[in-house]
Amino acid sequence: VVVVRRILRDPFTGDEVILASERVVERRPRPAPDLLPAGCPFCPGNESHTRPTIRAIEREGAWVARAFANKWPALVVEEALGTWEEGPYTVTSGTGAHEVIVEAPEHAPLHQLPLERTEDALRLAVARLSDLRGDRRLQVLQWFRNHGVGAGASQPHPHSQVMGLPLVPRRIRAYADCARAWQDRTGGSLLRAVIEAERRDGRRILVDGEHLLAVSAPAPRHPYEVWFLPTDPRPALEEASEATLGALASAMHRVSRALVAAHGEVPLTAVALSAPHQEDPRGIGWQVRLSPRLSAGAGLEEATGLTVHSVAPERAAEVLRATVPP
Ligand SMILES: [Zn+2]
């Protein structure tokens, strides 16, 4: 079987797509919400069913979080880096990193587990991102978590993923450009300006701490989306201080519990947005976004990138504040 692994750019819109032919549905494990822990490759005792451990965090002699290469990688470090033109088409080799982080030994959603699990899972993600910075071929280091079959998770055991991309995708380019444009216009940090605006307004705040603000997204792409904004802006998640990481873990844990209390066990996605790490990071700060997936996208989103929904961020904040556990 010839494996095709490429990053293709849509010549009309600039959207990128990763093509990884071995990720065909038939060869990936079927989502199995009722899969017993005994058959789960991410449960303790089944480590031989995954790629070897790259790094782990251990407590009392056993791992509590474990990182390893994805068995069905979208990108691979072994592939030589290249970008070429084929007429109107730009193609980049499928070069990059794609790792899985099992976030707890328990076969249960992170928000049902003690906060320490979320803290250790984030610590391990940061350690992997820091390590991948050494690979000069990578432009963007991406952390994300899909929780629940509706959010694209193929395994119910709590896990996140880390990817190193050999190019700057269009949306990350826009993220960096918005922050730089604000800096050029005002001389200040966009992240700080948003934090100040949210604190002045107050209606969307869910968690307000020394190190981190969690707000019902003022421009939510998805209903009930929540933004986690560090008060000490640094370019990338892996540069966060230990205190900020602790605050992030605590806020994500609280907000996830509130979302589940409000909507039941909905699929959740969490993503970190960071500066492209090979560029001047001036003015760009990382943040994390958490979204429940209550509805699927449709034609308008497909055509324009616009989403449309009916939940005002202030209303979402009221609902979540009523259900955030103390
Ligand atoms: Zn499991």
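Quick caveat, the model's predicted, so the values are computed rather than measured.
- We find the CD1-CG distance between Ile101 and Leu124 to be 4.5 Å, quoted to the nearest 0.5 Å.
- Side-chain atoms of Arg55 and Phe68, non-hydrogen and from C-beta on, never get closer than 4.5 Å to each other.
- Nearest heavy-atom pair, Pro292 versus Glu225, reported as atom, atom and distance to 0.1 Å: CD-N, 4.2 Å.
- A donor-acceptor pair under 3.5 Å is formed between the side chain of Thr95 and the backbone N or O of Ala80.
- One distance of note links CD of Glu279 with CD1 of Ile172; it measures 11.0 Å at 0.5 Å rounding.
- At least one side-chain heavy atom of Ile7 sits less than 4.5 Å from a side-chain heavy atom of Leu75.
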Chi angles and distances behind the side-chain contact (heavy atoms from CB on, under 4.5 Å) call for Leu141, His277: CA-CA 8 Å; Leu141 303 177; His277 76 289; 4.0 Å; yes
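- In this structure the side chain of His49 never reaches within 4.5 angstrom of the side chain of Cys40, judged on heavy atoms.
- Aromatic ring orientation, Phe42 versus His157: perpendicular (interplanar angle above 60°, classes split at 30° and 60°).
- Between His107 and Cys43, the shortest heavy-atom contact is ND1-SG, 3.5 Å.
- By the rule that hydrophobic residues join a cluster once side-chain heavy atoms approach within less than 4.5 Å of another member, Leu165 and Val288 end up as members of separate clusters.
- Shortest non-hydrogen contact noted between Thr231 and Ile195 is CA-CD1, 3.9 Å.
- Remark: the backbone N or O of Pro230 is not paired with any side-chain donor or acceptor of Thr244 at under 3.5 angstrom.
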Val64 vs Glu103, side-chain contact (heavy atoms from CB on, under 4.5 Å): CA-CA, chis, key distance, verdict: CA-CA 7 Å; Val64 293; Glu103 297 185 295; over 6 Å; no
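- Val140 and Val76 sit in two unconnected hydrophobic clusters of ILVMFWY residues. Membership requires side-chain heavy atoms under 4.5 Å apart, directly or through other members.
- Rounding to the nearest 0.5 Å gives a distance of 13.5 Å between CZ of Arg192 and CH2 of Trp182.
- For the pair Gln278 (side chain) and Leu138 (backbone), a donor-acceptor distance under 3.5 Å is present.
- With hydrogens and angles disregarded, no donor-acceptor distance shorter than 3.5 Å links the side chain of Arg180 to the backbone of Tyr175.
- The salt bridge (charged side-chain N to carboxylate O under 4.0 Å, His left out) contacts involving residues 130-142 comprise Arg128-Asp131, Arg133-Glu238, Arg133-Glu239, Asp135-Arg137, where partners must be two or more places apart or lie in separate chains.
- Looking at Glu79 and Arg6, a side-chain N of the basic residue comes within less than 4.0 Å of a carboxylate O on the acidic one, giving a salt bridge.
- The distance from the CG atom of Leu306 to the CZ atom of Arg221 is 9.0 Å, given to the nearest 0.5 Å.
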Leu213 and Glu198: CA distance, side-chain angles, deciding distance, side-chain contact (heavy atoms from CB on, under 4.5 Å) verdict: CA-CA 9 Å; Leu213 192 74; Glu198 289 303 316; 4.0 Å; yes
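- Side-chain atoms of Arg123 and Ile57, non-hydrogen and from C-beta on, do get closer than 4.5 Å to each other.
- Considering only heavy atoms from C-beta on, Thr50 stays 4.5 Å or farther from Lys71 through its side chain.
- Here the side chains of His309 and Pro220 are in contact, with some heavy-atom distance below 4.5 Å.
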Candidate pair Glu318 and Arg321, rule salt bridge (charged side-chain N to carboxylate O under 4.0 Å, His left out), full reasoning: CA-CA 5 Å; Glu318 281 172 16; Arg321 273 200 298 263; 5.8 Å; no
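- Checking side-chain atoms of Arg289 against main-chain N and O of Thr269 turns up no donor-acceptor pair under 3.5 Å.
- Between the side chain of Asp10 and the main chain of Thr13, a donor-acceptor pair closer than 3.5 Å is present.
- Using a 4.5 Å cut-off between side-chain heavy atoms of Ile, Leu, Val, Met, Phe, Trp and Tyr, with links allowed through other members, Leu110 and Leu248 fall into different hydrophobic clusters.
- Rounded to the nearest 0.5 angstrom, Leu320 CG and Arg257 CZ are separated by 14.0 Å.
- Side-chain contact between Tyr224 and His263 is present, with heavy atoms from C-beta onward closer than 4.5 Å.
- In terms of hydrophobic clustering, with Ile, Leu, Val, Met, Phe, Trp and Tyr side chains grouped at heavy-atom distances under 4.5 Å, Val215 and Val194 are assigned to a common cluster.
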Arg282/Asp184 under salt bridge (charged side-chain N to carboxylate O under 4.0 Å, His left out): CA gap, chis, key distance, verdict: CA-CA 10 Å; Arg282 184 179 51 92; Asp184 289 345; 3.2 Å; yes
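- His147 and His111 have their aromatic ring centers within a separation under 6.0 angstrom.
- Taking both residues in full, the closest heavy atoms of Pro223 and Val311 are given as CB-CG2, 3.7 Å, listed atom of the first, atom of the second, then distance.
- The distance from atom CD of Gln287 to atom CG of Leu273, rounded to the nearest 0.5 Å, is 5.0 Å.
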Derivation of the salt bridge (charged side-chain N to carboxylate O under 4.0 Å, His left out) call for Arg204 and Asp201: CA-CA 8 Å; Arg204 291 173 291 273; Asp201 184 295; 3.6 Å; yes
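- If you check the side chains of Gln183 and Arg185, you find no donor sitting under 3.5 Å from an acceptor.
- A salt bridge does not link Glu196 with Arg199: none of the charged nitrogens is closer than 4.0 Å to a carboxylate oxygen.
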Glu106 and Arg117: CA distance, side-chain angles, deciding distance, salt bridge (charged side-chain N to carboxylate O under 4.0 Å, His left out) verdict: CA-CA 9 Å; Glu106 293 90 355; Arg117 292 289 187 260; 2.7 Å; yes
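- With no hydrogens or angles considered, no side-chain donor-acceptor pair links Thr307 and Glu301 at under 3.5 Å.
- Residues Trp63 and Ile54 do not share a hydrophobic cluster, clusters being chains of Ile/Leu/Val/Met/Phe/Trp/Tyr side chains in contact below 4.5 Å.
- Between Arg203 and Arg315, the closest side-chain pair of non-hydrogen atoms is not below 4.5 Å.
- Contact detail for Ala258 and Thr323: the closest heavy-atom pair is O-OG1, 3.3 Å.
- The main-chain N or O of Pro41 is never found under 3.5 Å from a side-chain atom of Gln155 such that the two would form a donor-acceptor pair.
- A donor-acceptor pair shorter than 3.5 Å can be found between the side chains of His98 and Gln161.
- Of the N and O atoms on the side chains of Arg145 and Ser160, not one donor lies less than 3.5 Å from an acceptor on the other residue.
- In this structure a side-chain-to-backbone donor-acceptor pair under 3.5 Å is present from Ser256 to Met252.
- Annotation for Trp84 and Ser93: closest pair CZ3-N, 3.8 Å, computed over non-hydrogen atoms.
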